[in-house]
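Reckoned from all heavy atoms, side chains included, excluding hydrogens, waters and symmetry mates.
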Amino acid sequence: HASWATERSESYERLEFLGDSVLELAISRELYDRYPDFSEGRLAKVRSHVVSRASCAVVARQLALGEQLTERGPDIPDDELHRLAHNRNVLAALLEAALAALFLEHGFAKVERPIVEAFSGRIEYALTSHVDYKTELQEALARRGQSVSYSVLEVEGPPHDRRFRCAAVIDGEQLGVGSGASKKAAEQEAAKETLAALGVETPAA
């Protein structure tokens with residue numbers, strides 16, 4: 001990790017840069033071959049979701065890369081190790097760095113199929129209607145240098161049948177409101193409405 005390296009160039013960041021392109025190429029080729037009827041726009045949306053930070057972090061957890069990181073930081077305080085090993089951005093970066101290392105060692109032809117297989121679940125997820133709108137919104141805002149917070153506007157109903165109403169707030173402005181049987185569901189709806197208000201397209205079903 002960059003915070004452990006004497007020189008930043010000694011960290012895995014350069015590998016991360018290369019691994020990002022290796023991953024994009026493998027997924028682009030797979031989507032292009034697997035879905036010949038998809039338009040360029042839909043292919044791009046699906047790929048964007050599959051190679052996103054959130055998606056890479058999911059695969060990194062499945063491969064236990066966080067645990068691998070903790071084994072390589074014996075002189076790092078336990079609390080920092082735990083924080084890094086569970087940080088979404090760190091996990092995603094680790095995965096991309098690992099893909100770059102494999103590419104450099106074995107070449108693209110040998111790593112392409114294993115990459116696609118590792119991300120097959122993420123491709124299926126991107127093609128379903130179940131989109132994590134909160135993550136989509138967070139990533140869209142990160143590209144703009146903004147962030148979102150959620151607030152509960154209203155809670156109705158008895159304990160066994162609650163109904164929540166939540167708002168998504170960006171720079172003090174309420175851009176989306178959603179309701180649901182749980183706070184999480186209401187926030188998802190608020191995020192979905194906010195994405196629409198911002199004109200951000202989400203992965204299509």
Side-chain angles (χ1 to χ4, degrees), residues 16 20 23-24 27-28 30-31 35 38-63 65-66 82-96 118-205:
E16 177 191 348
D20 177 64
L23 173 60
E24 280 216 359
I27 298 303
S28 296
E30 177 65 13
L31 295 176
Y35 305 109
F38 279 18
S39 67
E40 183 273 340
R42 187 171 186 192
L43 287 171
K45 283 192 288 184
V46 174
R47 181 186 63 189
S48 175
H49 188 77
V50 174
V51 305
S52 68
R53 287 266 156 183
S55 184
C56 286
V58 169
V59 177
R61 290 189 189 98
Q62 292 170 347
L63 297 174
L65 293 188
H82 180 80
R83 178 180 62 79
L84 290 172
H86 291 82
N87 181 281
R88 188 188 74 168
N89 288 337
V90 170
L91 287 171
L94 274 175
L95 179 72
E96 291 174 346
F119 278 81
S120 61
R122 307 312 302 164
I123 293 174
E124 295 303 319
Y125 177 88
L127 292 168
T128 69
S129 58
H130 179 65
V131 179
D132 185 348
Y133 294 106
K134 288 181 67 175
T135 298
E136 294 290 333
L137 177 58
Q138 181 180 329
E139 295 192 345
L141 291 175
R143 292 191 288 270
R144 305 177 182 206
Q146 295 176 296
S147 61
V148 61
S149 62
Y150 296 90
S151 60
V152 177
L153 300 177
E154 192 175 18
V155 182
E156 296 179 322
H160 66 278
D161 189 23
R162 288 273 193 236
R163 193 76 187 167
F164 292 81
R165 193 161 166 268
C166 294
V169 180
I170 301 170
D171 294 335
E173 183 180 358
Q174 181 177 298
L175 289 186
V177 176
S179 355
S182 68
K183 182 181 172 187
K184 183 177 180 180
E187 289 177 348
Q188 283 285 348
E189 286 302 308
K192 181 179 180 180
E193 188 174 288
T194 303
L195 284 164
L198 294 173
V200 176
E201 292 188 345
T202 54

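Heavy atoms only, all atoms of each residue included: Glu189 and Ser179 are closest at CG-O, 3.7 Å. When all heavy atoms of Ala54 and Thr135 are compared, the pair lying nearest together is CB-CG2, 3.3 Å. Between Glu96 and Asp20, the shortest heavy-atom distance links the atoms OE2-OD1, 3.4 Å. Minimum interatomic distance between Arg163 and Ala181 (heavy atoms only, all atoms of both residues): NH1-N, 3.6 Å. Cys56 and Val51 make their closest contact through SG-O, 3.7 Å (heavy atoms, listed as atom of the first residue, atom of the second, distance). Residue Cys166 comes nearest to Ala186 through the heavy atom pair SG-CB, 3.7 Å, listed as atom of the first residue, atom of the second, then distance.
Residues Tyr35 and Val46 have side chains not in contact (no heavy-atom distance under 4.5 Å, counting atoms from C-beta outward). Contact annotation: the side chain of Glu139 approaches that of Arg143 to within less than 4.5 Å [non-hydrogen atoms, C-beta and beyond]. For the pair Ile27/Phe119, a side-chain contact is recorded, criterion being any heavy-atom separation below 4.5 Å from C-beta on. Using a 4.5 Å heavy-atom cutoff, the side chains of Ser151 and Val169 are in contact. Counting heavy atoms from C-beta on, the side chains of Leu175 and Val148 never come closer than 4.5 Å. By the 4.5 Å heavy-atom criterion applied to side chains, Thr194 and Ile170 are counted as neighbours. The side-chain heavy atoms of Glu30 and Val50, taken from C-beta on, include no pair separated by under 4.5 Å. Using a 4.5 Å cut-off on side-chain heavy atoms (C-beta onward), Gln62 and Arg122 make no contact.
Taking CG of Asp171 as the start and CG of Leu141 as the end, the distance is 8.5 Å to the nearest 0.5 Å. Here the straight-line distance linking atom NZ of Lys134 with atom NZ of Lys184 works out to 7.5 Å at 0.5 Å rounding. Interatomic distance, His49 NE2 to Lys45 NZ, rounded to the nearest 0.5 Å: 12.5 Å. Residue Leu91 holds its CG atom at 10.0 Å from CZ of Arg88, rounded to the nearest 0.5 Å. Residue Asn89 holds its CG atom at 11.0 Å from CG of Leu94, rounded to the nearest 0.5 Å.
Among residues two or more places apart in sequence or in another chain, the side chain to side chain donor-acceptor pair (under 3.5 Å) test is passed with Arg47 by Ser28.
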